[in-house]
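Predicted model, so just to flag it, every value in this text is computed and none were measured.
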Amino acid sequence: MSCPATQSGEQIEPLRYLSRLEAEAIEKELLEDYKFGRQQLIEIWGHASAMAVTKVFPLPSLPRKQPTVLVVCGPHQNGAIGLVCARHLRVFEYEPTIFYPKRSPNSLYRDFTTQCEKMDIPFLSYLPTEVQLINDAYNVVIDAILGVDAEPGEVKEPYTSILATLKQIQIPIVSLDVPSGWDVEMGNSEGISPDVLVSLAAPKQCATRFLGRHHFLAGRFLPYDVQKKFELNLPEYPGTECVVSL
(Lines give C-alpha, C1' and ligand atoms only; values in the text may rest on other atoms or scores of the structure.)
Protein backbone atom coordinates (compact mmCIF):
# COMPACT_ATOMS: atom_id res chain seq x y z
CA MET A 1 0.00 0.00 0.00
CA SER A 2 1.44 3.36 -1.01
CA CYS A 3 1.93 6.14 1.51
CA PRO A 4 -0.36 9.20 1.29
CA ALA A 5 1.11 12.36 -0.20
CA THR A 6 1.05 16.00 0.84
CA GLN A 7 -0.34 18.70 -1.44
CA SER A 8 3.21 19.25 -2.73
CA GLY A 9 3.43 15.58 -3.68
CA GLU A 10 5.81 14.60 -0.86
CA GLN A 11 5.20 11.12 0.47
CA ILE A 12 4.10 10.87 4.14
CA GLU A 13 5.54 7.89 5.98
CA PRO A 14 3.07 5.95 8.16
CA LEU A 15 2.97 6.58 11.88
CA ARG A 16 5.17 4.17 13.84
CA TYR A 17 3.57 2.04 16.56
CA LEU A 18 6.09 1.04 19.21
CA SER A 19 6.86 -2.29 20.85
CA ARG A 20 7.51 -2.41 24.58
CA LEU A 21 11.29 -2.53 24.00
CA GLU A 22 11.20 0.45 21.65
CA ALA A 23 9.14 2.50 24.11
CA GLU A 24 11.58 1.64 26.89
CA ALA A 25 14.56 2.51 24.67
CA ILE A 26 13.14 5.94 23.88
CA GLU A 27 12.50 6.67 27.56
CA LYS A 28 16.02 5.49 28.45
CA GLU A 29 17.52 7.80 25.82
CA LEU A 30 15.50 10.76 27.06
CA LEU A 31 16.62 10.15 30.64
CA GLU A 32 20.26 9.29 30.03
CA ASP A 33 21.32 11.12 26.86
CA TYR A 34 18.99 14.13 26.81
CA LYS A 35 18.99 14.56 30.60
CA PHE A 36 15.24 14.77 31.01
CA GLY A 37 14.30 14.08 34.61
CA ARG A 38 11.72 11.41 35.38
CA GLN A 39 9.65 13.99 37.24
CA GLN A 40 9.83 16.21 34.15
CA LEU A 41 8.57 13.45 31.84
CA ILE A 42 5.73 12.50 34.17
CA GLU A 43 4.72 16.16 34.46
CA ILE A 44 4.71 16.62 30.66
CA TRP A 45 2.66 13.46 30.11
CA GLY A 46 0.23 14.18 32.94
CA HIS A 47 -0.45 17.71 31.73
CA ALA A 48 -0.91 16.55 28.13
CA SER A 49 -3.28 13.78 29.29
CA ALA A 50 -5.41 16.35 31.12
CA MET A 51 -5.50 18.48 27.97
CA ALA A 52 -6.75 15.47 25.99
CA VAL A 53 -9.54 14.94 28.54
CA THR A 54 -10.64 18.57 28.18
CA LYS A 55 -10.88 18.19 24.41
CA VAL A 56 -13.28 15.24 24.55
CA PHE A 57 -15.12 16.28 27.70
CA PRO A 58 -15.21 20.09 27.89
CA LEU A 59 -16.90 21.37 31.04
CA PRO A 60 -20.11 22.60 29.34
CA SER A 61 -20.66 19.18 27.73
CA LEU A 62 -20.62 17.07 30.92
CA PRO A 63 -23.95 15.39 31.65
CA ARG A 64 -23.81 15.91 35.41
CA LYS A 65 -24.13 19.22 37.21
CA GLN A 66 -20.83 18.65 39.02
CA PRO A 67 -17.78 18.18 36.72
CA THR A 68 -16.68 15.02 38.53
CA VAL A 69 -13.91 12.78 37.24
CA LEU A 70 -12.62 9.56 38.84
CA VAL A 71 -8.89 8.96 38.35
CA VAL A 72 -7.80 5.39 39.14
CA CYS A 73 -4.03 5.18 39.73
CA GLY A 74 -1.73 2.19 39.82
CA PRO A 75 1.48 1.84 41.86
CA HIS A 76 4.02 2.65 39.14
CA GLN A 77 4.77 5.41 36.62
CA ASN A 78 1.39 5.31 34.89
CA GLY A 79 -0.25 5.95 38.26
CA ALA A 80 2.02 8.94 38.83
CA ILE A 81 0.99 10.31 35.42
CA GLY A 82 -2.61 9.90 36.58
CA LEU A 83 -1.87 11.93 39.72
CA VAL A 84 -0.44 14.77 37.64
CA CYS A 85 -3.40 14.53 35.26
CA ALA A 86 -5.78 14.86 38.22
CA ARG A 87 -3.93 17.92 39.52
CA HIS A 88 -4.14 19.68 36.16
CA LEU A 89 -7.83 18.79 35.80
CA ARG A 90 -8.37 20.44 39.18
CA VAL A 91 -6.66 23.59 37.88
CA PHE A 92 -8.93 23.42 34.81
CA GLU A 93 -11.93 23.51 37.21
CA TYR A 94 -12.93 19.86 37.03
CA GLU A 95 -13.59 17.98 40.26
CA PRO A 96 -11.30 14.94 40.25
CA THR A 97 -11.39 12.20 42.84
CA ILE A 98 -8.46 9.78 43.04
CA PHE A 99 -8.53 6.08 43.84
CA TYR A 100 -4.95 5.05 44.62
CA PRO A 101 -5.19 1.71 46.46
CA LYS A 102 -1.47 0.88 46.70
CA ARG A 103 0.57 4.00 47.16
CA SER A 104 4.14 3.75 45.94
CA PRO A 105 7.02 4.21 48.40
CA ASN A 106 8.89 6.07 45.64
CA SER A 107 9.65 9.56 46.99
CA LEU A 108 8.86 11.19 43.65
CA TYR A 109 5.43 9.58 43.48
CA ARG A 110 4.81 10.54 47.10
CA ASP A 111 5.48 14.17 46.13
CA PHE A 112 2.85 13.98 43.38
CA THR A 113 0.42 12.54 45.94
CA THR A 114 1.15 15.36 48.37
CA GLN A 115 0.52 17.95 45.65
CA CYS A 116 -2.94 16.47 45.02
CA GLU A 117 -3.72 16.37 48.74
CA LYS A 118 -2.62 19.99 49.17
CA MET A 119 -5.03 20.96 46.36
CA ASP A 120 -7.88 19.32 48.28
CA ILE A 121 -8.39 16.55 45.75
CA PRO A 122 -10.21 13.75 47.62
CA PHE A 123 -8.87 10.20 47.71
CA LEU A 124 -11.27 7.26 47.88
CA SER A 125 -10.57 4.61 50.50
CA TYR A 126 -12.22 1.95 48.33
CA LEU A 127 -13.78 1.57 44.89
CA PRO A 128 -17.51 0.78 45.02
CA THR A 129 -18.25 -2.68 43.70
CA GLU A 130 -21.79 -1.55 42.87
CA VAL A 131 -21.20 -0.24 39.38
CA GLN A 132 -24.23 2.05 39.37
CA LEU A 133 -22.72 4.10 42.19
CA ILE A 134 -19.78 4.95 39.92
CA ASN A 135 -22.07 5.64 36.96
CA ASP A 136 -24.14 8.04 39.06
CA ALA A 137 -21.27 9.86 40.73
CA TYR A 138 -18.86 10.58 37.87
CA ASN A 139 -18.86 11.85 34.31
CA VAL A 140 -15.77 9.92 33.22
CA VAL A 141 -13.14 7.53 34.59
CA ILE A 142 -9.44 7.92 33.84
CA ASP A 143 -7.55 4.63 33.72
CA ALA A 144 -3.98 5.27 34.94
CA ILE A 145 -3.57 1.85 36.50
CA LEU A 146 -1.12 -0.18 34.41
CA GLY A 147 1.27 1.05 31.75
CA VAL A 148 3.95 -0.15 29.37
CA ASP A 149 5.86 -1.93 32.13
CA ALA A 150 2.92 -4.11 33.24
CA GLU A 151 2.52 -7.73 32.19
CA PRO A 152 -1.21 -8.53 31.68
CA GLY A 153 -0.77 -12.10 32.88
CA GLU A 154 0.75 -10.89 36.13
CA VAL A 155 -2.06 -8.53 37.19
CA LYS A 156 -2.90 -9.17 40.84
CA GLU A 157 -5.33 -7.87 43.41
CA PRO A 158 -6.58 -5.29 43.95
CA TYR A 159 -6.20 -4.54 40.23
CA THR A 160 -7.95 -7.65 38.91
CA SER A 161 -11.10 -6.63 40.84
CA ILE A 162 -10.74 -2.99 39.76
CA LEU A 163 -10.51 -4.00 36.10
CA ALA A 164 -13.53 -6.28 36.49
CA THR A 165 -15.50 -3.31 37.82
CA LEU A 166 -14.30 -0.98 35.05
CA LYS A 167 -15.39 -3.50 32.42
CA GLN A 168 -18.98 -3.08 33.67
CA ILE A 169 -19.32 0.68 34.01
CA GLN A 170 -21.35 2.64 31.48
CA ILE A 171 -19.66 6.02 31.70
CA PRO A 172 -16.69 6.72 29.38
CA ILE A 173 -13.19 5.51 30.21
CA VAL A 174 -10.03 7.36 29.20
CA SER A 175 -6.94 5.11 29.21
CA LEU A 176 -3.47 6.62 29.49
CA ASP A 177 -0.90 5.15 27.07
CA VAL A 178 -1.96 1.48 27.33
CA PRO A 179 -5.44 0.35 28.40
CA SER A 180 -4.98 -1.51 31.68
CA GLY A 181 -4.99 -5.27 31.26
CA TRP A 182 -3.84 -5.04 27.63
CA ASP A 183 -0.59 -6.43 26.31
CA VAL A 184 1.56 -3.59 24.95
CA GLU A 185 1.91 -5.31 21.58
CA MET A 186 -1.08 -7.62 21.25
CA GLY A 187 -3.85 -5.76 23.06
CA ASN A 188 -6.55 -7.77 24.81
CA SER A 189 -10.07 -8.34 23.53
CA GLU A 190 -11.09 -9.50 27.01
CA GLY A 191 -9.85 -6.36 28.75
CA ILE A 192 -11.50 -3.01 29.34
CA SER A 193 -12.81 -1.10 26.32
CA PRO A 194 -11.91 2.58 26.75
CA ASP A 195 -13.74 5.26 24.79
CA VAL A 196 -10.60 7.37 24.62
CA LEU A 197 -6.94 6.36 24.36
CA VAL A 198 -4.21 8.90 25.08
CA SER A 199 -0.91 7.63 23.67
CA LEU A 200 2.11 9.23 25.33
CA ALA A 201 5.05 10.40 23.20
CA ALA A 202 4.29 7.80 20.50
CA PRO A 203 1.54 5.17 20.15
CA LYS A 204 2.19 1.60 21.21
CA GLN A 205 1.41 -1.41 19.00
CA CYS A 206 -1.73 -2.28 20.98
CA ALA A 207 -3.25 1.02 19.80
CA THR A 208 -3.82 -0.56 16.37
CA ARG A 209 -6.52 -2.65 18.11
CA PHE A 210 -8.19 0.30 19.82
CA LEU A 211 -11.83 0.63 18.68
CA GLY A 212 -12.94 3.57 20.81
CA ARG A 213 -14.13 7.01 19.73
CA HIS A 214 -10.99 9.11 20.16
CA HIS A 215 -7.28 8.38 19.96
CA PHE A 216 -4.92 11.18 20.93
CA LEU A 217 -1.17 11.57 20.84
CA ALA A 218 -0.04 13.64 23.83
CA GLY A 219 3.25 15.16 24.84
CA ARG A 220 4.79 17.39 22.19
CA PHE A 221 8.36 17.39 23.40
CA LEU A 222 10.36 14.65 21.70
CA PRO A 223 13.63 16.01 20.25
CA TYR A 224 13.77 15.78 16.47
CA ASP A 225 16.82 13.50 16.53
CA VAL A 226 14.94 11.00 18.71
CA GLN A 227 11.99 11.08 16.33
CA LYS A 228 14.34 10.50 13.40
CA LYS A 229 16.39 7.75 15.07
CA PHE A 230 13.30 5.70 15.92
CA GLU A 231 11.52 6.58 12.64
CA LEU A 232 8.41 7.67 14.56
CA ASN A 233 6.87 9.73 11.72
CA LEU A 234 4.78 11.68 14.21
CA PRO A 235 1.94 13.86 12.91
CA GLU A 236 2.16 17.62 13.01
CA TYR A 237 0.64 19.27 16.05
CA PRO A 238 -1.64 22.20 15.19
CA GLY A 239 -0.45 25.61 16.36
CA THR A 240 0.89 25.42 19.91
CA GLU A 241 -1.14 22.32 20.89
CA CYS A 242 0.50 19.57 22.95
CA VAL A 243 -2.21 17.08 21.92
CA VAL A 244 -3.18 15.90 18.44
CA SER A 245 -6.02 13.61 17.34
CA LEU A 246 -4.95 10.49 15.41
Query raised in the report: Salt-bridged, K204 to E185, with N to O below 4.0 Å?
Result: no
Query raised in the report: Using 4.0 Å as the upper bound for N to carboxylate O, is an ion pair formed by K55 and E241?
Result: yes
Query raised in the report: Are V184 and L41 linked, directly or through other ILVMFWY residues, by side chains that come within less than 4.5 angstrom of each other?
Result: no
Query raised in the report: Does the side chain of L232 come within less than 4.5 Å of L15's, by heavy atoms?
Result: no
Requested in this report: Take D225 and Q227 through the test side chain to side chain contact (heavy atoms under 4.5 Å, CB included) and record every step on the way to the result.
Outcome: CA-CA 5 Å; D225 286 348; Q227 297 185 38; over 6 Å; no
Query raised in the report: Any donor-acceptor pair under 3.5 Å linking the side chain of D143 with the backbone of P179?
Result: no
**Report entry** 4.5 Å side-chain heavy-atom contact, C116 and I98
**Finding:** yes
Requested in this report: Find out whether Q205 and M186 are in side-chain contact, i.e. whether some heavy atom of one side chain is under 4.5 Å from a heavy atom of the other.
Outcome: no
Requested in this report: Consider only side-chain heavy atoms of I, L, V, M, F, W and Y, link residues closer than 4.5 Å, and tell whether L89 and V196 are in one cluster.
Outcome: yes
Query - Donor-acceptor contact present, side-chain R220 to main-chain V243, <3.5 Å - result: no
Query - Residues E27, R38: salt bridge by 4.0 Å N-O rule - result: yes
**Report entry** Ring centres under 6.0 angstrom apart (F221, F36)
**Finding:** yes
Query raised in the report: Does any N or O in the side chain of N139 come within less than 3.5 Å of the main-chain N or O of R64, such that one atom is a donor and the other an acceptor?
Result: yes
Query - Step-by-step side chain to side chain contact (heavy atoms under 4.5 Å, CB included) determination, L21 to E24 - result: CA-CA 5 Å; L21 291 178; E24 291 173 347; 3.8 Å; yes
Query - Linked, directly or transitively: V140 and I169 (ILVMFWY side chains, under 4.5 Å) - result: no
Requested in this report: Starting from the C-alpha separation in whole Å, work towards a yes-or-no answer on side chain to side chain contact (heavy atoms under 4.5 Å, CB included) for L163 and V155.
Outcome: CA-CA 10 Å; L163 293 179; V155 178; 4.2 Å; yes
**Report entry** Side chain E95, main chain Q66, donor-acceptor under 3.5 Å
**Finding:** no
Report task. Determine yes or no for a side-chain-to-main-chain donor-acceptor pair under 3.5 angstrom, with D195 supplying the side chain and R213 the backbone. Result -> no
Report task. Determine, step by step, whether W182 and L146 satisfy the side chain to side chain contact (heavy atoms under 4.5 Å, CB included) criterion, reporting the C-alpha distance in whole Å, the side-chain angles of both residues, the deciding distance to 0.1 Å, and the verdict. Result -> CA-CA 9 Å; W182 286 31; L146 307 173; over 6 Å; no
Query raised in the report: Cut-off 3.5 Å, side chains only: do S161 and E157 have a donor facing an acceptor?
Result: yes
Requested in this report: Please check if the side chain of E22 supplies one atom and the backbone of S19 the other of a donor-acceptor pair under 3.5 Å.
Outcome: yes
Query raised in the report: Can you hop from F57 to I171 via hydrophobic side chains spaced under 4.5 Å?
Result: no
Requested in this report: Keeping the roles fixed (side chain from T68, backbone from A137), state whether a donor-acceptor pair exists under 3.5 Å.
Outcome: yes
Query raised in the report: In terms of the angle between their ring planes, are F123 and Y100 parallel, tilted or perpendicular, with boundaries placed at 30° and 60°?
Result: tilted
Query raised in the report: Within a reach of under 6.0 Å around NE2 of H76, are more than 12 heavy atoms found that belong to other residues, nucleotides or ligands?
Result: no
Query raised in the report: Is D177 reaching over with its side chain to a backbone N or O of L200, donor-acceptor style, under 3.5 angstrom?
Result: yes
Report task. Give a yes or no on whether L211 atom CG has more than 12 heavy-atom contacts from other residues, nucleotides or ligands under 6.0 Å away. Result -> no
Query - Between S199 and H215: side-chain donor-acceptor atoms closer than 3.5 Å - result: yes
Report summary line: Between the OG atom in S193 and the CG atom in L166, the distance rounded to the nearest 0.5 Å is 11.0 Å
Query - Qualifying residue for salt bridge (Lys or Arg N to Asp or Glu O under 4.0 Å) with E117, from R90, R110, R103 - result: R103
Query raised in the report: Should V226 and Y17 be counted in the same cluster of Ile, Leu, Val, Met, Phe, Trp and Tyr side chains packed under 4.5 Å apart?
Result: yes
